[in-house]
Number of protein chains: 2
Amino acid sequence: MDDAAKLQMYLQTLGDANRLKMINYIGERECSVSEIVESTGLSQPLVSHHLRTLRESQILETERKGPFVYYKLKDKRLLSALGILLEISGELKDRKPHEAMFCSPPWWTSFWGSK
Amino acid sequence: MDDAAKLQMYLQTLGDANRLKMINYIGERECSVSEIVESTGLSQPLVSHHLRTLRESQILETERKGPFVYYKLKDKRLLSALGILLEISGELKDRKPHEAMFCSPPWWTSFWGSK
DNA sequence: CGTTCATATAAATGTTTGTTTATATGTTAA
DNA sequence: TTAACATATAAACAAACATTTATATGAACG
């Protein structure tokens with residue numbers, strides 16, 4: 001797998017509303033599956049499925065603690081990149097720019113409906 | 001359309017190998033469709049179709065000059081963001097990092113098979 | 001051990017998406 | 001206006017993907 005393919009896979013994985021919601025909720029923290037299920041309002045199997053995708057794309061990594069499995073970002077630089085992209089896309093037609101969501105905390109408040 | 005949706009759309013559009021190839025070829029320049037067709041080796045209708053997607057996502061913008069239509073990036077910051085993402089994804093399993101493709105020229109040589 | 005809780009997987013379904021083939025629109029020049 | 005070139009669109013098809021429902025694995029605790 002060459003670098004173009006890696007980048008493509010990485011971006012494709014990011015380009016899903018529910019997965020972005022999850023990444024946004026996780027941020028710089030470490031979250032259990034049930035926490036993500038609850039905060040996103042998505043079904044448990046759906047969350048688990050997307051988490052698998054995110055893990056296989058190596059965007060998230062896991063650690064088991066007792067009965068819980070915790071997910072966190074593998075590379076925090078992702079937040080910077082998403083910050084830029086959010087800025088760019090936020091300036092597109094029919095809406096104006098605003099505070100950055102990604103980048104540095106607290107950016108996980110109020111935009112995605114995550115609590 | 002809220003910002004989450006915009007970001008999602010933006011990322012989804014980026015997450016395609018052929019579209020990335022085209023963006024990579026265009027870079028900071030302004031390119032005609034036939035130039036892109038030739039450099040990518042893709043069929044003309046396919047290129048035209050992807051260019052439409054990129055234009056509708058407001059990643060590219062167009063200018064007509066005589067019989068030619070030129071496409072260029074609407075926001076050059078995209079290259080910085082892609083630079084970060086390329087760095088991150090390049091460090092993933094089964095391959096090691098290397099020079100950045102996006103960011104500053106000449107990053108459009110040699111990685112995508114674009115000439 | 002057997003029950004309960006947390007998470008993962010499988011099969012089934014409907015939708016979206018990329019690609020091809022064929023054709024149309026638009027521009028220039030003779 | 002007709003011919004030649006540049007680009008765009010449409011229909012048709014196949015493959016990929018997100019989602020649901022149902023079930024399985026795995027850990028803790030009585």
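Keep in mind it's a predicted model, so treat the numbers as computed, not measured. We name chains A, B, ... by the order of the sequence lines, and we start the count at 1 in each one. As a basis for the values below, the full set of heavy atoms in this structure was taken, side chains included, without hydrogen atoms, waters or symmetry mates.
- You'll find that the side chain of B/Ser34 is closest to D/dT7, out of D/dT20, D/dT7, C/dA8.
- Base contact: A/Ser48 has a heavy atom under 4.0 Å from a base atom.
- The side chain of A/Arg52 approaches C/dA10 more closely than any other nucleotide in the set D/dT19, C/dA10, C/dA8.
- Here C/dA6 is the nucleotide among C/dG18, C/dA6, D/dT9 with the atom lying nearest to any side-chain atom of A/Phe68.
- Comparing B/Asp16 and A/Tyr70 along DNA chain C, the residue whose closest nucleotide (by nearest heavy atom) sits nearer the 5' end is A/Tyr70.
- B/Arg64 places a side-chain N or O within 3.5 Å of a backbone atom of B/Gly66 that can act as its donor or acceptor partner.
- A donor-acceptor pair under 3.5 Å links the side-chain atoms of B/Gln8 to the main chain of A/Gly15, judged by distance alone.
- Side-chain N/O atoms of A/Ser43 include none lying less than 4.0 angstrom from OP1 or OP2 on D/dT21.
- Phosphate contact (OP1/OP2 of C/dT17, side-chain N/O of A/Gln12, threshold under 4.0 Å): absent.
- In terms of position on DNA chain D, the residue among B/Arg55 and A/Lys65 whose nearest nucleotide sits closer to the 5' end is B/Arg55.
- Residues A/Leu54 and A/Phe68 do not share a hydrophobic cluster, clusters being chains of Ile/Leu/Val/Met/Phe/Trp/Tyr side chains in contact below 4.5 Å.
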Quick one, B/Leu78 with A/Ile84, criterion side chain to side chain contact (heavy atoms under 4.5 Å, CB included). Give me CA distance, side-chain angles, the key distance, then yes/no. CA-CA 8 Å; B/Leu78 173 55; A/Ile84 297 175; over 6 Å; no
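- Nearest nucleotide to the side chain of A/Pro67, out of C/dG18, C/dT27, C/dA6: C/dA6.
- Look at A/His49 and you won't find any side-chain N or O under 4.0 angstrom from OP1 or OP2 of C/dA10.
- Here B/Asn18 does not reach the OP1 or OP2 of C/dG18: none of its side-chain N or O atoms lies under 4.0 Å away.
- Comparing A/Pro45 and A/Arg64, the nucleotide of DNA chain D nearest to each residue sits closer to the 5' end for A/Pro45.
- Residue contacts shown for A/Tyr71 are limited to sugar-phosphate atoms, with no base heavy atom under 4.0 Å away.
- For C/dT19, one of the phosphate oxygens OP1 or OP2 lies less than 4.0 angstrom from a side-chain nitrogen or oxygen of B/His50.
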Side chain to side chain contact (heavy atoms under 4.5 Å, CB included) between A/Val33 and A/Val47, worked out: CA-CA 8 Å; A/Val33 176; A/Val47 167; 4.2 Å; yes
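- For a distance-only test at 3.5 Å, the side chain of A/Gln44 qualifies as a donor-acceptor partner of the base of C/dA8.
- Listed pair B/Ser32 / D/dA6 fails the phosphate criterion, with no side-chain N or O lying under 4.0 Å from OP1 or OP2.
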